[in-house]
Amino acid sequence: MNEFRLNRRMFGMLVAGAAASSLLPSMARASGGLVAATFPGSWEDAYRSVLTPLVKAAGYDLTVAPALSQDQLTKVMASPGAPAFDTLLISPGQMAIAIENDLIVKIDPTRLKNWSKLAPAFQGEYGPTVTVQIDGIVYNPDVVPKPKGYRDLFENPAYAGKVSWTGFDSNTAVMAYTQIAQIFGTGPDDMDAVFKLFKDNADLRAGVTDTTNHQMALYQQGEIAVFMGSTNNVAHLKSLGLNAEFVQPETGSPASPVNIHLTKGSANVDAAYAYMDAALDAGAQATFEAPPTEMFPTNSDVELTPNISSVLTRDQVAGLAYPDWVSINKYRDEWTSTFIALIAS
């Protein structure tokens, strides 16, 4: 019965969110403004409040359209001649797909006054890196002990029924599953080992939800105490007065740079560059670095806060380990279908 209530609530939230977000691009198009896709939740709030006035000062109107990475690609692929978004905000997994499908174009760095403030690792030919997301395990120390890593979540009874998972549409989940596959299987591509864990444990299947945002809601309601997330998720939960901590798994925290990309066919190229520059602005990034978002600033003029530097310093940037997204994308559709069928069974 509890599983049914979760599914029904999640379905309603998903339908409502999709309906609302689908109207934004067309409304902005009608007004002639730039439409920038941004992750829902704290990202959307931060980008709308901080970047809108900066872009306005540059002479352009900005509409922030919330959409998950996969949804951004889906909408742009549906109408490549008239893309739903002028810019995309995505990570390497989706960037590889966007390049393969000719959805984004290489940028002209000379049009960004903040380009020189970026380390070479953040100067992407298809768009600048605006932050680096560090993923790991988010947990409630009032409810469960601090986990050492992913193995604890499957083998320690203290976590039984308190962990939430999500599907392969989530980059965070994919990065976690590749590490879990190495722990319980033969390597990062051995998803059969991961699927077996879920098949053999009904509690794990009952804890699956559709997005990290819904996991955050369940965490706030006290229905879960652990989920795969980022330092940004922890910052947001703490801003709401909740007790939340971040753990870098003993196998390591996968890193995911987040880039702004110029969509091929955009009718607002000048505005898109103004938007990119606004996202790289030192003042904007200093604001994003503070709670409730706590994003790592890629602009080198921004001093790291103690909270940020405790997870990642500038000296560590060059040594960050990124998953092999080209390899992951070869199997991702298959993994997604298998996982959906398994959870539905």
Side-chain angles (χ1 to χ4, degrees), residues 2-3 6 133-238 242-256 294 307 310-312 316 320-323 328 335 338-339 342-343:
N2 187 48
E3 185 177 357
L6 291 180
Q133 180 172 299
I134 306 299
D135 288 300
I137 302 171
V138 180
Y139 77 103
N140 187 336
D142 292 334
V143 181
V144 294
K146 179 181 178 179
K148 295 178 181 178
Y150 299 114
R151 183 181 290 276
D152 273 358
L153 305 183
F154 294 93
E155 297 183 347
N156 188 334
Y159 303 102
K162 297 180 176 67
V163 184
S164 178
W165 306 87
T166 189
F168 284 78
D169 283 343
S170 163
N171 288 340
T172 296
V174 169
M175 290 189 288
Y177 291 143
T178 57
Q179 291 202 5
I180 294 168
Q182 293 184 75
I183 295 171
F184 292 96
T186 59
D189 295 339
D190 187 8
M191 285 303 152
D192 285 341
V194 176
F195 297 145
K196 185 177 187 303
L197 291 170
F198 282 88
K199 182 178 181 180
D200 294 344
N201 193 321
D203 278 348
L204 295 179
R205 298 196 301 276
V208 173
T209 184
D210 55 347
T211 67
T212 301
N213 282 337
H214 293 166
Q215 289 176 318
M216 297 271 281
L218 295 177
Y219 189 99
Q220 294 173 54
Q221 296 160 12
E223 297 189 42
I224 64 171
V226 185
F227 65 95
M228 306 309 102
S230 68
T231 53
N232 307 108
N233 298 138
V234 170
H236 182 69
L237 291 170
K238 285 184 174 180
L242 298 168
N243 199 356
E245 297 296 338
F246 178 80
V247 172
Q248 296 194 49
E250 55 190 356
T251 51
S253 285
S256 179
E294 288 196 314
N307 281 352
S310 68
V311 179
L312 179 66
Q316 294 171 319
L320 286 175
Y322 301 126
I328 288 172
W335 292 342
T338 301
F339 191 73
L342 175 60
I343 300 306

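Values in this document were obtained by computation on a predicted structure and should not be read as measured data.
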Has R205 got a side-chain atom pairing as donor or acceptor with K199's backbone, closer than 3.5 angstrom? yes
Main-chain N/O of G167 paired with S170 side-chain donor or acceptor, under 3.5 Å: no
Donor-acceptor pairs under 3.5 angstrom involving side-chain atoms of residues 137-148: please list them, not counting sequence neighbours.
from : atom 1 : to   : atom 2 : distance (Å)
N140 : OD1    : D142 : N      : 2.9
D142 : OD1    : N243 : ND2    : 3.1
D142 : OD2    : N243 : ND2    : 3.2

After noting the C-alpha distance and the side-chain angles of L153 and M228, does the key distance pass the side chain to side chain contact (heavy atoms under 4.5 Å, CB included) rule? CA-CA 11 Å; L153 305 183; M228 306 309 102; 3.4 Å; yes
Between the side chain of S164 and the main-chain N/O of G207, is any donor-acceptor distance below 3.5 Å? yes
Rounded to the nearest 0.5 Å, what's the gap from CD on E155 to CG on L197? Could you check? 9.0 Å
Atom CG of N213 and atom CG of N233: how far apart are they, to the nearest 0.5 Å? 8.0 Å
Do I328 and V174 pass the side chain to side chain contact (heavy atoms under 4.5 Å, CB included) test, and can you show the C-alpha distance, the side-chain angles, and the key distance before you say yes or no? CA-CA 8 Å; I328 288 172; V174 169; 3.6 Å; yes
Is the backbone N or O of L237 less than 3.5 Å from a side-chain atom of Q220, with the two atoms forming a donor-acceptor pair by type? no
Any donor-acceptor N or O pair under 3.5 Å, side chains Q133, S256: no
Which pair of heavy atoms, one from F246 and one from G229, lies closest together, and at what distance? CE1-O, 3.8 Å
Which donor-acceptor pairs under 3.5 Å do the side chains of residues 180-194 make with protein atoms, sequence neighbours left out?
from : atom 1 : to   : atom 2 : distance (Å)
T186 : OG1    : D190 : OD2    : 3.3
D190 : OD2    : T186 : N      : 2.9

For I134 versus A255, what's the shortest heavy-atom pair and its separation? CD1-CB, 4.0 Å
CE on M216 to CG on L242, rounded to 0.5 Å: 9.0 Å
Do F195 and W335 have side chains that approach each other closer than 4.5 Å (heavy atoms only, starting at C-beta)? yes
What one should report as the nearest heavy-atom pair of E294 and A235 is OE1-CB, 3.0 Å
Test applied, ring-ring contact (aromatic ring centres under 6.0 Å, His included); reference residue, W165; option that passes from F154, F339, Y159: F154
Does the side chain of E245 reach to within under 4.5 Å of the side chain of K238, using non-hydrogen atoms? yes
Side chain to side chain contact (heavy atoms under 4.5 Å, CB included) assessment of F198 paired with V208: CA-CA 10 Å; F198 282 88; V208 173; 4.0 Å; yes
Is a side-chain donor-acceptor pair under 3.5 Å present for D135 with S230? no
With a 4.5 Å cut-off on side-chain heavy atoms, are T166 and F227 touching? no
Between T212 and Q215, is a side chain to side chain contact (heavy atoms under 4.5 Å, CB included) present by the stated rule, with each step listed? CA-CA 5 Å; T212 301; Q215 289 176 318; 3.8 Å; yes
